[in-house]
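Notes for the one structure printed next.
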There are 2 protein chains.
Amino acid sequence: MSDLLERLRGRGWRMTAQRRVVAEVLDGDHVHLTADEVHTRAVAKLPEISRATVYNTLGELVSLGEVLEVATDKRAKRYDPNAHRPHHHLVCARCGAIRDVHPSGNPLADLPDSERFGFTVSDVEVTYRGVCPDCAAA
Amino acid sequence: MSDLLERLRGRGWRMTAQRRVVAEVLDGDHVHLTADEVHTRAVAKLPEISRATVYNTLGELVSLGEVLEVATDKRAKRYDPNAHRPHHHLVCARCGAIRDVHPSGNPLADLPDSERFGFTVSDVEVTYRGVCPDCAAA
DNA sequence: TACTCGACTTGGACTCGATCCAAGTGCTGG
DNA sequence: CCAGCACTTGGATCGAGTCCAAGTCGAGTA
């Protein structure tokens, strides 16, 4: 996904070591990391990187649409690098782990006009909640 | 909704002034209040009530299934007294207003086993996002 | 290559929502 | 009416996230 780095450069980003590292961490594997986990992994590659920079960079990536913010509960926000393929989330109520899922059907179409109250509805998020195998075993 | 008070008594709750007040606030109108708003309104009825008690009581109501917690974004959790009729939420991306909606279809059924990854899926939340008429006009 | 400047980074202080805890209060069953 | 213990209190604490002034350094220019 150095396409990501390419796209960022294309958008006029100054390419700093910190930004490269954050982008690499997100690219690394498609898990849904918290900002803090991103910071921990980033520190492994670039020890001096600060939390503030990680937050800044994540925020920029989100507003560029390269990464999605997922706030499934009141714990830490998680960041989803899989922004370019629409999908929904399956969340473990105990440990907070998140998996991407692709339900059949189109929930947007399931909201009749009479239930839209004049809103311009543009998006729908579906969050399935349950208990993951690991937590169920424990 | 003194049925609520009845139900609580039936579940072995000690009926204190504080709990009655919190239940009354939630009953008052079916808006989605934050814990802080609940506290503010509770203080109007019972000036000595503490924030901790409001949090405790809301937490108890949630775990009894009398009230739903709604975390649509990273701001404060909101509490939804409409727990006995299943419904979903339509959120204004600009002002944060929330409306209850009742889509057709059953999104739980739309998640095939192959997409459940061993999770015991117990619940689904659907959040429609858009712009409300007021914000669209402004 | 060297210079320059403003975008970027830093880290520590701060905010805000929420939780914890030890001490005090007051329901409720007997 | 009493006593025991569930409940409340408020202040401390926590954890995620934001802010800010000061310092740093990427990259366009010469």
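Chain letters run A, B, ... following the sequence lines, proteins first and then strands; every chain starts at 1. Just the heavy atoms: all of them, side chains too, but no hydrogens, waters or symmetry mates, feed the values below.
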**Prompt:** For B/A52 and B/R9, take the nucleotide of DNA chain C holding the closest heavy atom to each; which residue's nucleotide lies nearer the 5' end?
**Reply:** B/A52
**Prompt:** Should the pair A/R11-A/E66 be classified as a salt bridge under the 4.0 Å nitrogen-to-oxygen rule?
**Reply:** yes
**Prompt:** Rounded to whole angstrom units, what separation is found between the CZ atom of A/R19 and the C1' atom of D/dG26?
**Reply:** 11 Å
**Prompt:** Hey, does A/A76 reach any base, or is it just sugar-phosphate, or nothing, if we go heavy atoms under 4.0 Å?
**Reply:** sugar-phosphate
**Prompt:** Ignoring hydrogens and geometry, is there a side-chain-to-backbone donor-acceptor pair from A/R19 to A/R14 under 3.5 Å?
**Reply:** yes
**Asked** With a non-hydrogen cut-off below 4.0 angstrom, is A/R51 in contact with a base, only sugar-phosphate, or nothing?
**Response** base
**Asked** Over how many whole Å does the gap from B/L46 atom CG to D/dT8 atom P extend?
**Response** 10 Å
**Prompt:** Do B/C135 and B/C92 have side chains that get closer than 4.5 Å, going by heavy atoms?
**Reply:** yes
**Value rounded to 0.5 Å, distance of CD in B/E24 from CZ in B/R20** = 7.5 Å
**Item:** Length of the line joining A/L8:CG and D/dG26:C1', which is rounded to integer Å
**Value:** 15 Å
**Request:** Flag the pair A/D80 / A/H87 as yes when at least one side-chain heavy-atom distance between them is below 4.5 Å, and no otherwise.
**Result:** yes
**Nucleotides bounding contact with chain B, strand DNA chain C, heavy-atom threshold 4.0 Å** = C/dG17 to C/dT28
**Request:** Confirm from the modelled atom types if B/R14 and D/dA6 form a donor-acceptor pair under 3.5 Å, side chain to base only.
**Result:** yes
**Prompt:** What is the distance, rounded to the nearest whole Å, between atom CG of A/D36 and atom C1' of D/dG17?
**Reply:** 11 Å
**Request:** Specify the residue among B/W13 and A/S50 whose closest nucleotide of DNA chain C lies further upstream toward the 5′ end.
**Result:** A/S50
**Request:** Mind checking A/T16 for me? I need base, sugar-phosphate or nothing, with any heavy atom below 4.0 Å counting as a touch.
**Result:** sugar-phosphate
**Message:** Rounded to whole Å, how long is the line connecting atom NE2 of B/H39 with atom P of D/dT8?
**Reply:** 13 Å
**Fill in**
Closest to the 5' end of DNA chain D, once B/I49 and A/A35 are matched to their nearest nucleotides, is B/I49
**Request:** Please examine the side chains of B/V43 and B/H39, heavy atoms only from C-beta on, and report whether any two atoms are closer than 4.5 Å.
**Result:** yes
**Item:** Gap between atoms CG and C1', on A/L58 and D/dG17 respectively (whole Å)
**Value:** 12 Å
**Message:** Is it true that A/D100 and A/H32 share a donor-acceptor pair across their side chains at a distance under 3.5 Å?
**Reply:** yes
**Fill in**
Whole-Å distance, B/R20 CZ to D/dT8 C1', equals 15 Å
